[in-house]
Amino acid sequence: MSQPRPLPRVVALANQKGGVGKTTTAVNLGACLAELGYRTLIVDLDPQGNASTGLGIDPRSIDISMYDVLLHGTPLDDTIEASSVRNLFVAPANLDLAGAEIELVPAFSRETRLREAIAAVKDDFDYILIDCPPSLGLLTVNGLAAAREVMVPIQCEYYALEGLGQLLRNVDLVQKQLNPTLELSGIILVMYDARTKLSDQVASEVREHFGDVVFRQVIPRTVRLSEAPSFGQPIIAFDSSSRGAIAYRHLAKEVSGGAA
C-alpha cells in the first residue's frame, strides 16, 4: 500500500471461485469511494447481474447492457445508469451476457473489446471497478485486459488459497499477451469471522504469503452485508453505522490512499 496511484484507476475485481464476496466488494467499495467524492463506475461483467441488482437496477428493465457493449460495439456511455448513491454509476449486466462467452469466441479482437469501450469514458471517472464473473473465461479476460490493476477478494475460509494460483497464472498470461501494465494491486480479506480460529489462520497465511499486497482492513462476515443487496442498496445506504459499512469505508480510504 504505497503511494496513492494516479487517477483514473481501472480495477478488475476477480476470483474464479464463486461466492467469495466479489460483487459485495465491488458494490460497497464503489459506494464508499463515491462517498469520498470520487466519481465511480461499476462495470458489471457477471451475467448474473448481481452488482446491478445490488444497486437497485432491475436487469429485466434495461434496454442496453454490457452485452451490447461487448458484442455490438454499443458505446459504454449509452449503458451507464446513475445509482441512488451520489457519484456512483453502473454499467449493468443481464443474462444476455451469458451468451457473450460463446459469441465472443469467433469475434475479432475479442479480448480487448472492454478495453476499447472503457477508453472512451475513462476520463469521466476517477475509479472504474470491473466486477468479473466467477470463471476464467473470455469475460474475465476482457476485464483483466481492460484494467490496470486487479484486486482479489479472498474468503477467510478453508481452501481460500486454492484456485488463487490459477488466477495469478492467468493474470500473468494476460500481462504477457494482452496487457503488460496489469498488476495485482491488492488482496482483500472478506467474510472474516472474529469468533473462529480459522479466519485468523487464513488471514495470517495470506499475509505471510503476499505481504504488503494484502489490505490491512478486513471485511467482517455480517448479516447486514448479506441483506443489503436484496434491498438494492450498498451497505452505507442500507445500514450506515453497521460493522460492514464501517469496514468498507476504511477499505475505501486505504484503496484511495487516504488515511484509514
Side-chain angles (χ1 to χ4, degrees), residues 5-16 22-23 26 29-30 33 38-49 51-52 55 57 59 62-83 87-152 167 170-185:
R5 294 158 184 264
L7 300 175
R9 288 172 65 180
V10 184
V11 182
L13 285 133
N15 189 331
Q16 76 270 31
K22 192 170 42 57
T23 299
L29 175 57
L33 287 166
Y38 296 104
R39 272 180 71 86
T40 303
L41 170 66
I42 293 174
V43 175
D44 192 350
L45 269 198
D46 190 339
Q48 289 171 14
S52 308
L55 288 168
I57 287 167
I62 52 181
D63 300 326
I64 303 172
S65 74
M66 285 307 299
Y67 173 82
D68 303 286
V69 174
L70 291 174
L71 263 298
H72 304 141
T74 304
L76 188 52
D77 225 4
D78 294 356
T79 72
I80 294 174
E81 309 216 7
S83 76
N87 289 325
L88 182 63
F89 301 84
V90 60
N94 55 19
L95 275 171
D96 293 345
L97 206 51
E101 280 286 11
I102 296 150
E103 291 172 60
L104 274 169
V105 171
F108 178 68
S109 70
R110 58 192 187 186
E111 299 94 351
T112 54
R113 296 269 171 116
L114 183 62
R115 183 197 300 174
E116 288 149 27
I118 284 178
V121 302
K122 206 164 148 179
D123 295 334
D124 301 340
F125 297 98
D126 300 309
Y127 282 89
I128 296 176
L129 304 180
I130 304 168
D131 187 29
C132 297
S135 71
L136 292 174
L138 268 172
L139 289 172
T140 296
V141 169
N142 261 277
L144 294 175
R148 284 294 301 264
E149 313 169 37
V150 58
M151 288 182 189
V152 183
L167 175 69
N170 278 57
V171 168
D172 238 25
L173 258 148
V174 170
Q175 220 171 19
K176 288 195 181 80
Q177 314 269 333
L178 296 166
N179 184 2
T181 55
L182 182 67
E183 57 169 321
L184 174 66
S185 67

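By the 4.5 Å heavy-atom criterion applied to side chains, Thr23 and Gln48 are not counted as neighbours. Looking at heavy atoms from C-beta onward, Asn87 lies out of side-chain contact with Tyr38 at the 4.5 angstrom threshold. The closest side-chain heavy-atom distance from Leu144 to Asn179 is not below 4.5 Å. Using a 4.5 Å heavy-atom threshold, the side chains of Gln16 and Asn170 count as separate. Looking only at side-chain heavy atoms (C-beta outward), Leu70 and Leu45 come within less than 4.5 Å of each other.
Here the closest non-hydrogen pair linking Asp46 and Pro134 is OD2-CD, 3.5 Å. Considering all non-hydrogen atoms of both residues, Ala51 and Asp44 come closest at N-OD2, 3.4 Å. The shortest non-hydrogen separation linking Val150 to Ala14 is CG2-CB, 4.0 Å. Across all their heavy atoms, Leu139 and Ala100 have their closest contact at CD2-CB, 4.3 Å. Across Asn15 and Lys22, no two heavy atoms sit closer than the pair N-CD, 3.5 Å. What you find for Cys132 and Thr140 is that their closest heavy atoms are CB-OG1, 3.9 Å.
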Result block: side-chain N/O donor-acceptor pairs under 3.5 angstrom for residues 74-81, not counting sequence neighbours:
residue : atom : partner : partner atom : Å
Thr74   : OG1  : Asp68   : O            : 3.3
Thr79   : OG1  : Leu76   : O            : 2.9

Can you give the donor-acceptor pairs under 3.5 Å from side chains of residues 103-110 to other protein atoms, not counting sequence neighbours?
residue : atom : partner : partner atom : Å
Glu103  : OE1  : Tyr67   : OH           : 2.7
Glu103  : OE2  : Tyr67   : OH           : 3.1
Arg110  : NH1  : Val105  : O            : 2.4

> Would Ile130 and Ile118 satisfy side chain to side chain contact (heavy atoms under 4.5 Å, CB included), going step by step from the backbone distance to the final call?
Replying inline: CA-CA 10 Å; Ile130 304 168; Ile118 284 178; 3.8 Å; yes
> Can you list the steps and then say if Asp126 with Leu33 is a side chain to side chain contact (heavy atoms under 4.5 Å, CB included)?
Replying inline: CA-CA 9 Å; Asp126 300 309; Leu33 287 166; over 6 Å; no
> Hey, mind stepping through Thr40 and Phe125 against side chain to side chain contact (heavy atoms under 4.5 Å, CB included) and telling me if it holds?
Replying inline: CA-CA 6 Å; Thr40 303; Phe125 297 98; 5.9 Å; no
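Contacts of Arg9 classified as salt bridge (Lys or Arg N to Asp or Glu O under 4.0 Å), with partners at least two apart in sequence or in another chain: Glu149. Residues that satisfy the side chain to side chain donor-acceptor pair (under 3.5 Å) test with Ser65, not counting sequence neighbours, are Asn94. Every residue two or more places apart in sequence or in another chain was checked for a side chain to side chain donor-acceptor pair (under 3.5 Å) with Ser83, and none qualifies. Partners of Asp96 according to the side chain to side chain donor-acceptor pair (under 3.5 Å) rule, which considers only residues two or more places apart in sequence or in another chain, do not exist here.
Taken from CE in Met66 to CZ in Arg113, the straight-line distance is 12.0 Å, to the nearest 0.5 Å. Distance CD1/Ile42 to CG/Leu29: 8.0 Å, rounded to 0.5 Å. A distance of 4.5 Å separates CZ in Arg148 from OG1 in Thr181, rounded to the nearest 0.5 Å.
A distance-only check finds no donor-acceptor pair linking the side chain of Arg5 to the backbone of Ser185 [under 3.5 Å].
Under a cut-off of 6.0 angstrom, the local environment of CZ in Arg39 is crowded, with over 12 non-hydrogen atoms contributed by other residues, nucleotides or ligands.
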